[in-house]
Structures are given as structure tokens and as C-alpha cells.
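Taking it in order: structure first as C-alpha cells, then the write-up.
Atom set for the values below is all heavy atoms of this structure, side chains included, hydrogens, waters and symmetry mates excluded. Quantities reported herein were computed from a predicted structural model and do not represent experimental measurements.
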Amino acid sequence: MFKFILPLLLILLAGCSTKKADIDFDPSFNMAALSTFALIYNSGLNDERLAEAITHEMQTKGYVRAAENEADFDITFYSIIEEDVPSNAGVGFGIGTFSSGLGLSLGTVRGFSNDEGTIVINMDETATQKIFWSATLTKKVENFNTPQERAEYFNEAVSEMLKEFPKK
């Protein structure tokens, strides 16, 4: 019996795992010449949290935040929360007999729904407006009990999205 339960648990855990950020960049672009960035975004509580998280990550990599018209590159971003996204995971139950020529099997499957958040970050050179870096992350949105929990969610997401961005 254990040999059937263990694979089922592994499949369920794999279905619940967090997706990795989808990162795309122009390998021919010279990022070494960049040192200052500007954030361009709409005002809102989640946007402010994202701006703080991006600023923190970029500053830890050695970049300096500047005014929009004085920066080497611009960072634009947005987030979307999609409610009740159907899950690919389900739970099934069944019974049956294998010792005779007859068998009976009953089963039920219950799908799960959840909310997913998608964050998109684009970076473009200020002079040419050419995008040289793009990152997208979609992950499950938890129920936030405090503003700090929501900020931690965005901090973790942005850290995942910018982990491969080169240090200055």
C-alpha cells in the first residue's frame, strides 16, 4: 500500500510547487555601462510595495536610483491578481478487487481553486527605449493578514525575478 501512496504524495507536492521566474534578456546589450535606474509605475499600495522591493534589490546589486530623465535605464512593472484559477491537482478515491474476475471501482475527483498573482518587470535603456531585460513570475497568492505579509510576498517575488540580473 505504501508503494502507491508515496508516488501520489510526490505528484501532489510537485503540483503545489512554486513556479520559477521567466527571465528573458538581450545578450548583445552592454549592461556594464549602466549604473542608474528610474522606476516608472502607477500609484497604488501594491505598486508602492513593488517599487520598494525593486529599489532594494537593485541597490544591493550596486545600482543607484535616479530621477526619470537622468537615469541610464528605466524599470517599468505591473502586477495582476487573477482570482479562482483552477488547479491541475485533484484528489481521487477508489476501491476495487483484483482476486476475482469481478471488480468494482468508485471514484470522485475534487479540483482546487486558488488566486494567482503575475508580476512583470521590464527594463529599457532610457536613450533608445529598447527593452534589454524582462522577467515574469506567476505564483499563488496567499491570504495576507497584515501589510507586512503582503510586502514580504512582493520582496520574495522580486528577489526571484532579479536574482540573475548582473551586479554592478
Side-chain angles (χ1 to χ4, degrees), residues 10-90 110-168:
L10 291 175
I11 290 170
L12 285 173
L13 288 175
C16 297
S17 66
T18 302
K19 298 176 186 174
K20 294 195 181 264
D22 179 23
I23 298 170
D24 191 13
F25 62 95
D26 180 356
S28 66
F29 186 81
N30 180 16
M31 288 190 230
L34 304 175
S35 60
T36 59
F37 69 95
L39 292 176
I40 301 171
Y41 62 97
N42 296 322
S43 183
L45 289 174
N46 285 340
D47 290 333
E48 293 295 330
R49 290 180 182 108
L50 272 169
E52 289 175 19
I54 292 169
T55 299
H56 174 74
E57 285 296 317
M58 295 304 291
Q59 287 175 340
T60 59
K61 292 180 178 288
Y63 295 91
V64 177
R65 187 171 178 178
E68 187 175 332
N69 56 357
E70 299 173 2
D72 297 329
F73 64 104
D74 296 327
I75 302 175
T76 57
F77 61 89
Y78 62 91
S79 65
I80 302 168
I81 295 181
E82 189 175 351
E83 296 179 358
D84 295 326
V85 176
S87 174
N88 293 338
R110 163 124 169 78
F112 299 97
S113 294
N114 54 38
D115 296 344
E116 283 186 347
T118 300
I119 300 171
V120 177
I121 299 174
N122 289 317
M123 299 183 191
D124 63 84
E125 185 180 30
T126 304
T128 63
Q129 305 245 323
K130 179 184 177 197
I131 294 177
F132 63 88
W133 180 276
S134 180
T136 305
L137 177 66
T138 300
K139 63 187 277 188
K140 182 179 178 183
V141 175
E142 305 293 333
N143 292 329
F144 303 115
N145 295 320
T146 65
Q148 290 79 15
E149 289 178 357
R150 189 175 300 266
E152 287 173 16
Y153 169 83
F154 287 120
N155 289 340
E156 290 173 10
V158 168
S159 179
E160 172 71 23
M161 296 172 78
L162 298 179
K163 73 178 179 184
E164 293 181 30
F165 193 80
K167 293 182 179 183
K168 185 73 187 144

> Counting heavy atoms not belonging to K61, are there more than 12 under 6.0 Å from its NZ?
Replying inline: yes
>> Are there over 12 heavy-atom neighbours, none belonging to Y41, within less than 6.0 Å of that residue's OH?
In response: yes
Look up atom [atom1] in [X] and atom [atom2] in [Y], then write down how far apart they are to the nearest 0.5 Å.
X: I119; Y: I54; atom1: CD1; atom2: CD1; result: 8.0 Å
X: L162; Y: M123; atom1: CG; atom2: CE; result: 5.0 Å
X: I75; Y: L50; atom1: CD1; atom2: CG; result: 11.5 Å
X: E125; Y: N30; atom1: CD; atom2: CG; result: 9.0 Å
X: R150; Y: N145; atom1: CZ; atom2: CG; result: 10.0 Å
X: T76; Y: N122; atom1: OG1; atom2: CG; result: 4.5 Å

Mind checking whether [X] and [Y] have side chains closer than 4.5 Å, heavy atoms only?
X: M58; Y: F165; answer: yes
X: H56; Y: N155; answer: no
X: R49; Y: N46; answer: yes

Closest approach of [X] and [Y], non-hydrogen atoms and distance?
X: D124; Y: Q129; result: OD1-CA, 3.7 Å
X: T55; Y: F37; result: CA-CZ, 4.1 Å
X: A71; Y: A38; result: CB-N, 3.5 Å
X: A51; Y: L39; result: O-CD1, 3.6 Å
X: A21; Y: E160; result: N-OE2, 3.7 Å

> Can you list the residues that meet the side-chain contact (heavy atoms from CB on, under 4.5 Å) rule with E156, with sequence neighbours excluded?
Replying inline: K139
>> Using the side chain to side chain donor-acceptor pair (under 3.5 Å) criterion, which residues pair with D72? Sequence neighbours excluded.
In response: S35, T36
> Are F29 and F73 near enough that their ring centres are under 6.0 Å apart?
Replying inline: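 Distance test on ring centres: not under 6.0 Å, no.
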> Please walk me through it: do W133 and I23 pass side chain to side chain contact (heavy atoms under 4.5 Å, CB included)?
Replying inline: CA-CA 8 Å; W133 180 276; I23 298 170; 3.4 Å; yes
>> Applying salt bridge (Lys or Arg N to Asp or Glu O under 4.0 Å), can you list everything that pairs with K130, at least two apart in sequence or on another chain?
In response: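 Result, salt bridge (Lys or Arg N to Asp or Glu O under 4.0 Å) vs K130: D26.
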> Distance-only, no hydrogens or angles: does the K168 side chain make a donor-acceptor pair with backbone N or O of A32 under 3.5 Å?
Replying inline: yes
> Passes side chain to side chain contact (heavy atoms under 4.5 Å, CB included), F77 versus V158? Steps please.
Replying inline: CA-CA 11 Å; F77 61 89; V158 168; over 6 Å; no
